[in-house]
Amino acid sequence: MFEIKAREKMVERAVLVGAYIDPAEKASAQELLEELEELVRTLGIPVVDRILVHHREAQARLLIGSGKAEEICEQLRELEGDCLIFDNELTPAQQRNWEELSKVTVVDRQEVILDIFGKRAQTREARLQVDLARMTYSLPRLTRAWSHLGKQGGGIGAKGEGESQLEQDKRNIRAQMDRLKRELVAVRRARATQRKDRKRTPVPNAAIVGYTNAGKSSLLRRLTGADVLVENKLFATLDTTTRKIALPNKQPLLLTDTVGFVRKLPHQLVESFNATLEEAALSDFLIHVLDASHPKVVEFYNTTMQVLGDLGADTGQMLIVFNKMDKVDDPATRIVLRRHFPKAVFISIHTGEGLEELIQRISEFVETNIVTVRLHLPLERTDLLARLHREGTVSAIDYEEAAICVEATLPARSLDAFGPFLAPSALALSGEAPTPP
């Protein structure tokens with residue numbers, strides 16, 4: 001079995017580097033560098049310094065100019081650092097050049113996030129997704145992972161010097177990637193079957209989405225009592241968790257916690273985690289959780305909305321929830337958030353502030369997707385009666401001479417199939433427009 005070679009020792013003193021070109025992007029680059037430090041600390045790696053670099057244009061060899069690169073390496077030696085971590089995405093060649101120049105391990109933001117995902121993955125599905133993303137990232141970087149890559153070997157029927165070890169390793173990793181993709185197709189098929197089973201019941205589903213560490217898992221735990229991992233760390237949990245709750249109106253609801261988003265999320269992860277993220281795209285509505293205490297909360301909102309848009313999720317069916325209001329001391333911040341997001345709910349999972357309003361708003365969302373109707377079904381259409389029992393809740397049934405009269409509650413998505421059999425008195429119950437004869 002082909003495996004990526006592990007590092008020889010743990011990193012003990014990391015120096016972070018962020019580079020930007022446009023002077024107007026300095027503040028944003030500084031914030032991203034601070035976020036990178038939080039990501040690195042999530043891996044348990046101490047950070048000894050952060051270096052922000054302005055450069056005129058991207059250089060092919062080292063991303064930044066050689067003079068500035070030498071200064072960074074000198075500063076690294078003075079701090080006795082043993083790792084350089086870039087917030088910018090480095091090409092495989094740039095990564096090798098930096099390692100030759102600095103004589104230490106060099107990684108970028110993508111590799112940090114991949115390592116975090118690798119440590120957090122618990123289920124088979126999550127591990128498959130992370131393994132595929134890591135292999136996709138590592139494939140063009142194999143030349144820095146082995147010392148035996150230059151060896152070549154021939155064999156029966158071989159021509160010339162034979163296939164190099166690098167070529168063999170690349171062939172092996174591509175074969176493993178193909179296997180992982182096949183397994184993920186099977187996972188997606190199984191997930192689609194599970195989702196189809198859920199759709200057969202009248203229980204609506206809401207997906208909890210948002211920027212990482214906003215409190216999504218905490219919300220799921222508070223509302224459902226689910227035993228899910230809750231930590232004050234980025235990407236504390238990767239595995240999708242679905243739990244059932246009963247709302248005050250006795251209507252059940254399935255709540256699904258999803259993986260958090262982050263700025264500059266590696267595209268390999270977005271592609272690999274499609275099977276998980278599509279839970280958000282195919283839910284009845286979304287609960288978008290935001291950290292109200294974070295100064296960049298609006299930017300985090302935009303990041304999440306962009307990813308959801310890429311997934312094809314219906315952001316029109318969304319309940320926005322600002323969490324951690326107990327940490328917002330500035331009254332002006334509260335006023336600004338309420339002004340920009342007038343339909344949002346403001347809560348604190350820690351203190352319980354706003355949770356009753358949140359549950360009430362969730363109930364209202366559910367009610368818009370559930371309808372109560374009266375139907376007159378033909379006596380011979382027992383298939384429709386069976387479907388009604390399968391997809392809805394039948395509260396009353398009466399067999400008359402010419403029809404089966406049924407009162408039932410069912411998802412709005414099922415209404416089209418029963419539309420022709422709506423009783424005149426059902427219009428007020430369902431809230432639907434009258435159907436022409």
Side-chain angles (χ1 to χ4, degrees), residues 1-10 43 86 89-100 105-195 235 238-240 259 264-279 281 307 310-311:
M1 175 77 67
F2 172 89
E3 291 184 356
I4 298 171
K5 181 181 176 183
R7 296 192 182 95
E8 295 180 0
K9 64 175 183 177
M10 290 294 294
L43 287 172
F86 279 79
E89 182 177 349
L90 297 178
T91 67
Q94 289 171 341
Q95 204 165 6
R96 289 193 297 271
N97 293 336
W98 268 105
E99 290 190 338
E100 291 174 2
T105 300
V106 178
V107 299
D108 61 11
R109 184 187 183 95
Q110 289 195 69
E111 191 165 350
V112 170
I113 295 177
L114 288 169
D115 281 353
I116 293 173
F117 272 53
K119 290 180 180 293
R120 293 285 188 264
Q122 298 294 326
T123 64
R124 176 175 174 270
E125 178 184 351
R127 288 194 293 268
L128 285 172
Q129 292 168 329
V130 170
D131 286 346
L132 178 59
R134 294 180 77 172
M135 287 184 180
T136 303
Y137 175 83
S138 299
L139 184 59
R141 293 169 169 82
L142 293 185
T143 53
R144 77 184 184 102
W146 286 269
S147 59
H148 61 282
L149 295 178
K151 296 180 180 179
Q152 292 179 324
I156 297 175
K159 296 181 180 180
E161 293 182 326
E163 185 181 44
S164 72
Q165 185 65 48
L166 175 60
E167 291 165 343
Q168 292 178 26
D169 288 338
K170 283 189 173 183
R171 179 163 47 82
N172 288 337
I173 197 172
R174 287 193 182 100
Q176 281 207 52
M177 288 171 65
D178 290 339
R179 175 182 59 81
L180 290 172
K181 289 176 181 177
R182 288 194 299 271
E183 292 187 38
L184 280 172
V185 168
V187 166
R188 178 169 291 192
R189 190 178 299 119
R191 185 177 287 278
T193 300
Q194 294 170 359
R195 189 182 300 112
F235 303 115
L238 300 183
D239 303 303
T240 299
V259 62
K264 300 169 76 171
L265 186 68
H267 63 86
Q268 297 99 331
L269 281 176
V270 175
E271 293 171 1
S272 297
F273 271 78
N274 260 340
T276 300
L277 295 173
E278 67 183 4
E279 286 290 336
V307 176
D310 293 342
L311 292 171

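Residue numbers run from 1 in the order of the sequence given.
V130 places none of its side-chain heavy atoms less than 4.5 Å from the side chain of L114.
E99 contributes atom CD, which lies 10.0 Å from atom CG of L90 (distance to the nearest 0.5 angstrom). Of the inter-residue distances, the one linking L128 atom CG with K181 atom NZ reads 13.5 Å to the nearest 0.5 angstrom. Rounding to the nearest 0.5 angstrom, the gap separating the CD atom in Q110 from the OG1 atom in T136 is 11.0 Å. Put simply, CE on M135 and CZ on R174 are 13.0 Å apart, with the number rounded to the nearest 0.5 Å. Residue F117 holds its CZ atom at 12.0 Å from CZ of R134, rounded to the nearest 0.5 Å.
A donor-acceptor contact shorter than 3.5 Å is absent between the side chain of E89 and the backbone of D108. D169 places no side-chain N or O within donor-acceptor distance of the main-chain N or O of N172, the cut-off being under 3.5 Å.
Listed here is the closest heavy atom pair of P140 and P92: O-CB, 3.4 Å.
For the side-chain contact (heavy atoms from CB on, under 4.5 Å) criterion with L132, the lone passing option out of R127, M177, Q176 is M177.
Ion pairing between E183 and R179 holds under the 4.0 Å rule for side-chain N and carboxylate O.
N97 is linked by a side chain to side chain contact (heavy atoms under 4.5 Å, CB included) to R61, L62, E100, counting only residues two or more places apart in sequence or in another chain. Evaluation of the side chain to side chain contact (heavy atoms under 4.5 Å, CB included) rule for A175 yields no partner, not counting sequence neighbours.
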